[in-house]
Amino acid sequence: MGTRNRQTSFPASPPFIQESLFDGNGRGMVPRSPAGQRQAREILKNRGIAIKYIRTAKRARQVIELLCKISGPLGLDTETARAQGFPAHPQAGLEPHLSSLRLVQLYGGGRHVYLFDLFTLPLDLLAPLWRRPLIAHNAVFDLKQLRHAGAVPRRLGCTLLMANALTGRRTGLADLAREYLGWEIPKDLQTSNWSAPQLSFEQLAYAALDAVAVLNLYHELKTRLKARRLAGVYTRMRDAQAAIAALELNGIHFDRPGHAALLDQWQRTQTAARGNLARILGPHVNPDSGGQLSRWLADNLDARTLAQWPVTPHGQLRTNLASLKRFTGHPLVAPLSQYKDTTKMISTFGTAFAEHINPVTRRIHASFRLGGTSTGRLACAAPNIQNPPRDLQFRALFKAPPGRVIVVADYGQIELRVAALVSGDANMLKAYAAGLDLHRKTAAAVAGVATSQVTPEQRQAAKAVNFGLLYGQGAKGLARYARAQYGVAMSLTQAEQARRAFFRAYPGLQRWQQDTIREVRRTGCIATPDGRVRRFKAGRVYSEALNTPIQGGAAEVLLATLSLLESHLAGIDALLVNLIHDEIVLEVAREDGTRACRALEEAMIAGMKTVFPRADTRGLVEAAVGDSWAEAK
DNA sequence: GGCAGCCGCGCG
DNA sequence: AAAGCGCGCGGCTGCC
């Protein structure tokens, strides 16, 4: 008999699976059975590990007692099914509100791996396990599913994050198992039907193997983390997992009718702009096509303008607005600008954005990825709620539901503060110790006036100077950046002068930059304050190398804060609903608003002190309350 | 039809 | 000598 029939011939209610069931189907005779399906069993069999499939409360209690006696961590995995009612939703089976928990797999080493079937067992039965140390791969996923189902694991490690600390990447379990264990573990059943009344033997073997692999991986990765002094990078992320799980599970409330109205407004503006554009470009140029716009420019500009027009790395004429605006008064600029604005809003923040509203919770549950970037920042997707337009009309759509308010707090100038701490520049540190604003100080240095004499314009220009020069920008780049980002007209000469004044004001920073570059050239890598290592291929590393410890240090501060958030907010009705690198957004019961502000500020200050114990925290954070993200800002 | 690279652009 | 960095997403384009 072939494996194809295994599913139907499987006994209806096995108390557990005997090892003898590993035998049977021998040679690969069945064409429709992927190679991987047999390998799950073979790996388990070769290691002498039997599957115990638990479907009765009595067996569950016995097994749990056994598992709780194991001193080391247990490998954990879960399988989830698409929730009834959402068979076709893209997040069904992934997002907890659209999923049901089917299996919990646990492996403590030794000869048995345990599968608890939650279609027949209440999850409460497993409660004693949630105080044990557990290891999962991409543990935030399992944590969310378990928390949503009513279980709260307290000590959860993650092999994805362990490997991330080692490599900087987010690698799947199968790839890690291949690399570190030499195991070929199948992934083809990941998306199989986990709500089937009878799970197939292949499914059970697949599920079991993940828990076994994850525990084996844990031991391998732990040794390597220790040897390479990267354990702290891992634990920083590990301790933020509970906050991230809560954040994703909470979601953020979004005003759908308000959004529809705004979208309608954008579409009207876009239609008008498209008409104006067509009068200039003619009917055959697609304004969405960089290539076509570029060719139009080539055909319509005079030779002198053409000669100085910016080009892309592939030699095409640039068609971004910054380039267009350099040739002031060009009739294309105004309508194209309006068209591009509205088109961007409609495509990214229009219908596509609203499609991420969860049908069950009516909230947006984005995905935040620990270790998602090469500096250690979080990445966010589906949708990315770290980059919604700052336009107040849009941010107001993130409004608190009735009876609740939004609390927002951000770190002021955190990257400059981290730069001061990492470089040890005496003047920068002195400024922060005195509670001074560094943009003002830089402005005074560049303009050659006292800090009290700095004009708003000078301070604005100093922002560009600070953020640009911090990461090794040249005079030309600075001039362009100041205009594009801060609306400050700066000549090349002025930019050069600002550059000299900046480094004269902060000689410690300049020395740090030089030392850093030298180190990167020598070693090919650079580390963040926690010790996260970023490796570079030969060539073009200059600004990335200068940026990594600073952006990374700021990211580490946020992670530290996240690990403190739950305890600081204890007793307050507050939900974490968004994180934007240096900003934390909570949704809070209206009567708890003020308390939440103070608690959040304290947590953020404590987070800073965790990573940088000597940091001066005057003016570091300020929290505010409002009915929406726009109002609380 | 799916996929990858390029480009532009939203945010910090 | 000179060099801002980090993301995700959508449209277009060329390729398979």
Side-chain angles (χ1 to χ4, degrees), chain A residues 168 285-295 310-324 336-337 339-353 355-356 366-369 371-391 394-395 410-416 418-419 463-482 484-485 495-496 499 502 513 517 520 526 528 534 539-555 558 578-584 629:
Chain A
V285 177
N286 177 359
D288 291 327
S289 162
Q292 293 182 38
L293 280 179
S294 163
R295 281 191 289 280
V311 289
T312 69
H314 285 253
Q316 194 174 296
L317 292 181
R318 281 205 168 277
T319 59
N320 63 347
L321 288 174
S323 302
L324 281 158
L336 187 59
S337 166
Y339 177 78
K340 285 197 174 203
D341 278 355
T342 51
T343 301
K344 172 75 179 177
M345 291 303 119
I346 292 164
S347 62
T348 307
F349 302 107
T351 315
F353 199 84
E355 274 166 9
H356 286 104
S367 163
F368 290 80
R369 294 197 281 261
T373 73
S374 43
T375 58
R377 270 189 177 180
L378 293 160
C380 176
N384 183 354
I385 54 172
Q386 292 183 324
N387 74 342
R390 294 172 65 181
D391 168 26
F394 193 85
R395 296 244 167 154
D410 68 337
Y411 284 109
Q413 304 177 9
I414 182 128
E415 293 202 356
L416 286 172
V418 171
K463 282 189 188 178
V465 174
N466 280 333
F467 290 128
L469 300 189
L470 197 50
Y471 307 124
Q473 199 164 48
K476 203 162 52 167
L478 174 58
R480 186 172 356 105
Y481 174 68
Q485 232 32 63
E496 277 161 0
R499 214 163 169 275
F502 178 83
Q513 290 193 343
I517 293 307
V520 173
I526 194 72
T528 65
R534 181 174 180 188
R540 50 177 288 283
V541 300
Y542 183 87
S543 0
E544 290 98 324
L546 297 179
N547 176 263
T548 300
I550 296 170
Q551 188 181 112
L558 184 73
N578 202 1
L579 295 173
I580 316 94
H581 309 305
D582 63 353
E583 178 176 344
I584 297 178
W629 192 5

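Lettering follows sequence order; numbering is per chain, from 1.
- For the atom pair A:Gln316 CD and A:Arg295 CZ, the distance stands at 7.5 Å (nearest 0.5 Å).
- Atom CD in A:Glu415 sits roughly 11 Å away from atom P in C:dG6 (whole-Å rounding).
- Residue A:Arg534 places none of its side-chain N or O atoms closer than 4.0 Å to OP1 or OP2 of C:dC5.
- What separates CZ of A:Arg390 from P of B:dC9 is a distance of 17 Å, to the nearest Å.
- For C:dC5, the OP1/OP2 oxygens have no side-chain nitrogen or oxygen of A:Arg377 closer than 4.0 Å.
- Listed nucleotides C:dT13, B:dC11, B:dG12 differ in distance to A:Gln292; the shortest reach to its side chain belongs to C:dT13.
- Between A:Leu558 and A:Ile584, the closest side-chain pair of non-hydrogen atoms falls below 4.5 Å.
- Using a 4.0 Å heavy-atom cutoff across all strands shown, A:Ala352 reaches sugar-phosphate atoms only and no base atom.
- What separates NE2 of A:His581 from P of C:dC5 is a distance of 16 Å, to the nearest Å.
- Dashed line: the shortest gap from a side-chain N or O of A:Ser374 to OP1 or OP2 of C:dC7 is under 4.0 Å.
- Map A:Gly372 and A:Gly472 each onto its nearest nucleotide of DNA chain C; the residue landing nearer the 5' end is A:Gly472.
- The distance from atom OH of A:Tyr481 to atom C1' of C:dC5 is 9 Å, rounded to the nearest whole Å.
- Side-chain contact between A:Thr375 and A:Thr528: absent, with no pair of heavy atoms (C-beta onward) separated by less than 4.5 Å.
- Counting any heavy atom pair closer than 4.0 Å across all strands shown, A:Asp341 reaches sugar-phosphate atoms only and no base atom.
- When the C1' atom of C:dA2 is taken as reference, atom CD of A:Gln513 falls 13 Å away, rounded to whole Å.
- For A:Asn384, the side-chain atoms get nearest to B:dG10 when compared with the rest of B:dG10, B:dG12, C:dC12.
- A distance of 7.5 Å separates CD of A:Gln551 from NE2 of A:His581, quoted to the nearest 0.5 Å.
- Interatomic distance, CG of A:Asp582 versus CZ of A:Arg377, reported as 7.5 Å (0.5 Å rounding).
- Pairing for C:dG4 is absent, with no Watson-Crick or G-U wobble pair whose two atom distances lie under 3.5 Å.
- For the pair A:Asp582 CG and B:dG12 C1', the computed distance is 6 Å after rounding to whole Å.
- Of all heavy-atom pairs spanning A:Ala352 and A:Ser347, the tightest one is CB-O, 3.7 Å.
- At the phosphate of C:dG4, neither OP1 nor OP2 sits under 4.0 Å from any side-chain N or O atom of A:Gln485.
- Closest-nucleotide positions on DNA chain C for A:Gln551 and A:Arg499 were compared, and the one nearer the 5' end corresponds to A:Arg499.
- When the nucleotides C:dA3, C:dG11, C:dG8 are ranked by their closest atom to the side chain of A:Asp288, C:dG11 comes out on top.
- Of all the heavy atoms in A:Trp629 and A:Ile385, the pair that sits closest is CH2-O, 4.0 Å.
- Note that CG of A:Asp288 is 9.0 Å distant from NZ of A:Lys340, once rounded to the nearest 0.5 Å.
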| message | One character per nucleotide, please: for nucleotides 2-8 of chain B, 5' to 3', B when the base has a protein heavy atom closer than 4.0 Å, S when only the sugar-phosphate does, - otherwise. | response | ----SSB

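- Rounding to whole angstrom units, CG of residue A:Leu378 and C1' of C:dC7 are separated by 11 Å.
- Closest to the side chain of A:Thr375, out of C:dG6, C:dG4, B:dC11, is C:dG6.
- A:Ala382 comes within 4.0 angstrom of sugar-phosphate atoms only, judged by non-hydrogen atoms across all strands, and of no base.
- The distance from atom CG of A:Asn387 to atom P of B:dG10 is 10 Å, rounded to the nearest whole Å.
- The phosphate of C:dT13 has OP1 or OP2 within less than 4.0 Å of a side-chain N or O from A:Ser289.
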